[in-house]
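Notes follow the structure.
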Amino acid sequence: MDFRGAHIISVNQFERDDVEKVFAVANDMEPYARRERITKALEGAILGNMFFEPSTRTRVSFGCAFNLLGGHVRETTDVETSSISKGESLYDTARVISGYSDVIVMRHPQAGSVSEFAKASRVPVINGGDGPNEHPSQALLDLYTIKKELKSKKREIDGMHIAMVGDLKHGRTVHSLSQLLLLYKNIQFTLISPTELKMPADIVGKLQESGHTVLETDDMEAGLGDNDTVYLTRIQEERFTSKLEADIYRGQFRLNQAIYTRNCQPNTVIMHPLPRDSREDANELDNDLNQHPNLAIFRQTDNGVLVRMALFALILDVADKVEDSASTVGWYTESRFE
Ligand code: CP
């Protein structure tokens, strides 16, 4: 695909070469994300960072990524402070904000809303999550992380075994990641969820048609063995009609040190898109794994900055210009990256 000026709405718009291109540029961003070098590649450019649903990682890391490339960030962080609360349409909002910005990231609770917004926008739009539908930049950073983690264990994405656990019905991260993996070969998916929260049948069908193996189960401990990666998800409380309905499923599937040791391969990478629900009745990923070397959740969040920098650099066509204006940082920095 031609990244220059492109909207990033769905993982289905990528070919495998496109994903590899994002990853190659993400690798080049490391000295900037690690605060070893600074660049002015996007000096003067403005990101419209529009989040109409709660977010910590996606919103802040997109903003940091843009800042690290030298650009400025303007944020809208909820519907109440936007004129959408006065009845303004997505069309009008897109026309207006795209006059103020060079690129827009948008999160919205309705599936398809970011695509609708992009059609009216005069600048590229990146989907920061549209309801239960998709979260393409998360899928890219997840796959980037999987690739790095498996490489350190001398394994590859092709042929890997991955277990996805939790609310696979509403989880946009697993929808996007599994569809991005359509580009790879011979993957074994073990989909572990309550029956009512299974992965949508159309996604399972696509995985099977592409030659992947799909096993579906509600028996977590049986499903955990024989996997290179276990990808846990939170019960997506906000997608249920009531908290009481979500409560039925909360805490059914939990990974902790004892369950991991009993069921997983010693090399199994532990991932979660975060936020994990650390309340006692949920706790799908226990703090007792926080020091485990295979816990990749904070490497995922760090990698998110690299991947999001790469998307901005490619879309705004500065990937080859980042180094031109680069210099070393002028302040004291602690090394805090793995
Ligand atoms: N993974 C993710 O989308 O996190 P936030 O909701 O905090 O952005």
Side-chain angles (χ1 to χ4, degrees), residues 1-30 32-33 47 49 55-66 68-69 103-107 114-115 118 124-130 133-151 156-158 160 162 164 171-184 187 189 203 206-207 229 231 233 269 271-274 296-319 322:
M1 69 178 275
D2 183 3
F3 279 94
R4 197 169 73 135
H7 300 304
I8 305 293
I9 305 298
S10 164
V11 292
N12 293 320
Q13 66 194 89
F14 298 126
E15 299 293 340
R16 186 161 165 163
D17 283 352
D18 303 323
V19 174
E20 295 300 330
K21 190 169 186 177
V22 173
F23 291 176
V25 177
N27 288 340
D28 292 344
M29 297 299 131
E30 274 207 14
Y32 305 95
L47 164 66
N49 213 20
S55 171
T56 295
R57 275 142 292 275
T58 312
R59 179 176 63 80
V60 178
S61 67
F62 265 121
C64 283
F66 208 76
L68 287 165
L69 286 166
V103 60
I104 294 170
V105 176
M106 185 182 177
R107 172 173 286 188
V114 182
S115 171
V125 175
I126 302 176
N127 183 357
D130 61 326
N133 186 37
E134 278 233 39
H135 196 344
S137 66
Q138 178 74 43
L140 286 167
L141 78 86
D142 286 338
L143 193 58
Y144 182 77
T145 304
I146 290 171
K147 186 175 177 174
K148 277 188 157 178
E149 298 287 323
L150 295 191
K151 191 173 177 193
E156 293 180 351
I157 298 170
D158 289 317
M160 75 164 175
I162 183 168
M164 295 180 173
R172 57 191 170 204
T173 67
V174 283
H175 298 167
S176 285
L177 178 58
S178 51
Q179 292 184 89
L180 193 58
L181 287 168
L182 290 170
L183 300 173
Y184 293 78
I187 295 172
F189 290 84
I203 296 179
K206 282 194 225 175
L207 296 175
T229 302
Y231 188 103
T233 64
V269 179
M271 295 178 64
H272 191 306
L274 303 181
I297 57 175
F298 300 117
R299 293 192 284 277
Q300 279 173 271
T301 55
D302 285 349
N303 288 338
V305 174
L306 300 174
V307 166
R308 289 170 175 141
M309 288 178 80
L311 287 175
F312 287 134
L314 287 164
I315 292 167
L316 297 176
D317 199 19
V318 296
V322 172

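Distance check, rounded to the nearest 0.5 Å: CD1 of Ile8 to CZ of Phe14 gives 4.5 Å. One finds the CE atom of Met106 at 9.5 Å from the CD1 atom of Ile9 (value rounded to the nearest 0.5 Å). Separation of atoms CG (Asp158) and CD1 (Ile187) is listed at 6.5 Å; rounding is to 0.5 Å. Once rounded to the nearest 0.5 Å, the distance linking CG of Leu141 with CZ of Arg308 reads 5.0 Å. Between the CZ atom of Arg16 and the CG atom of Leu181 there is a distance of 10.0 Å, given to the nearest 0.5 Å. Between the CG atom in Leu274 and the OG1 atom in Thr56 there is a gap of 10.0 Å [rounded to 0.5 Å].
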(request) Kindly indicate, with the supporting measurements, whether the criterion side chain to side chain contact (heavy atoms under 4.5 Å, CB included) is fulfilled by Thr233 and Met164. (result) CA-CA 8 Å; Thr233 64; Met164 295 180 173; over 6 Å; no
(request) Apply side chain to side chain contact (heavy atoms under 4.5 Å, CB included) to Val307 and Leu143, showing your working. (result) CA-CA 10 Å; Val307 166; Leu143 193 58; over 6 Å; no
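Partners of His7 according to the side-chain hydrogen bond (donor to acceptor under 3.5 Å, both in side chains) rule, which considers only residues two or more places apart in sequence or in another chain, do not exist here. Taking the side-chain contact (heavy atoms from CB on, under 4.5 Å) definition, one finds that Leu316 meets it with Leu42, Phe66, Val103, sequence neighbours left out.
Val305 places none of its side-chain heavy atoms less than 4.5 Å from the side chain of Met29. With contacts defined as side-chain heavy-atom distances shorter than 4.5 Å, the pair Phe189/Ile203 does not qualify. Residues Ile126 and Ile315 are in side-chain contact: their nearest non-hydrogen atoms beyond the backbone lie under 4.5 Å apart. Using a 4.5 Å heavy-atom cutoff, the side chains of Tyr144 and Val22 are not in contact. Residues Glu20 and Lys147 meet the side-chain proximity criterion, which asks for heavy atoms closer than 4.5 Å. Looking at Asp17 and Lys21, their side chains never come closer than 4.5 Å, going by heavy atoms from C-beta outward. Looking only at side-chain heavy atoms (C-beta outward), Pro136 and Gln138 stay at 4.5 Å or farther from each other. Looking at heavy atoms from C-beta onward, Ile146 lies in side-chain contact with Met160 at the 4.5 angstrom threshold.
With respect to Val114, the side-chain contact (heavy atoms from CB on, under 4.5 Å) criterion is satisfied by exactly one of Ile104, Val105, Val125: Val125.
Across all their heavy atoms, Thr173 and Pro273 have their closest contact at OG1-CG, 3.5 Å. Annotation for Ser178 and Leu207: closest pair O-CD2, 3.4 Å, computed over non-hydrogen atoms. Heavy-atom minimum distance, Phe62 versus Leu47: O-CD2, 3.8 Å. Here the closest heavy-atom approach between residue Ala313 and residue Leu69 is recorded as N-CD1, 4.2 Å. Of all heavy-atom pairs between Leu182 and Lys206, the closest is CD2-O, 3.4 Å. In terms of heavy-atom proximity, Gln300 sits nearest to Asp142 at NE2-OD1, 2.8 Å.
Between the side chain of Glu134 and the backbone N or O of Val11, at least one donor-acceptor pair lies under 3.5 Å. For the pair Arg107 (side chain) and Gly128 (backbone), a donor-acceptor distance under 3.5 Å is present. Glu15 contributes no side-chain N or O that, together with a main-chain N or O of Met1, makes up a donor-acceptor pair within less than 3.5 Å. Asn49 places a side-chain N or O within 3.5 Å of a backbone atom of Arg59 that can act as its donor or acceptor partner.
When the shell of 6.0 Å around CD of Gln13 is examined, it contains more than 12 heavy atoms from other residues, nucleotides or ligands. Annotation for Arg4: atom CZ does not count as buried by contact number, only 12 or fewer foreign heavy atoms lying within 6.0 Å.
Using modelled atom types, one finds no donor on one side chain facing an acceptor on the other under 3.5 Å when comparing Arg299 with Thr145.
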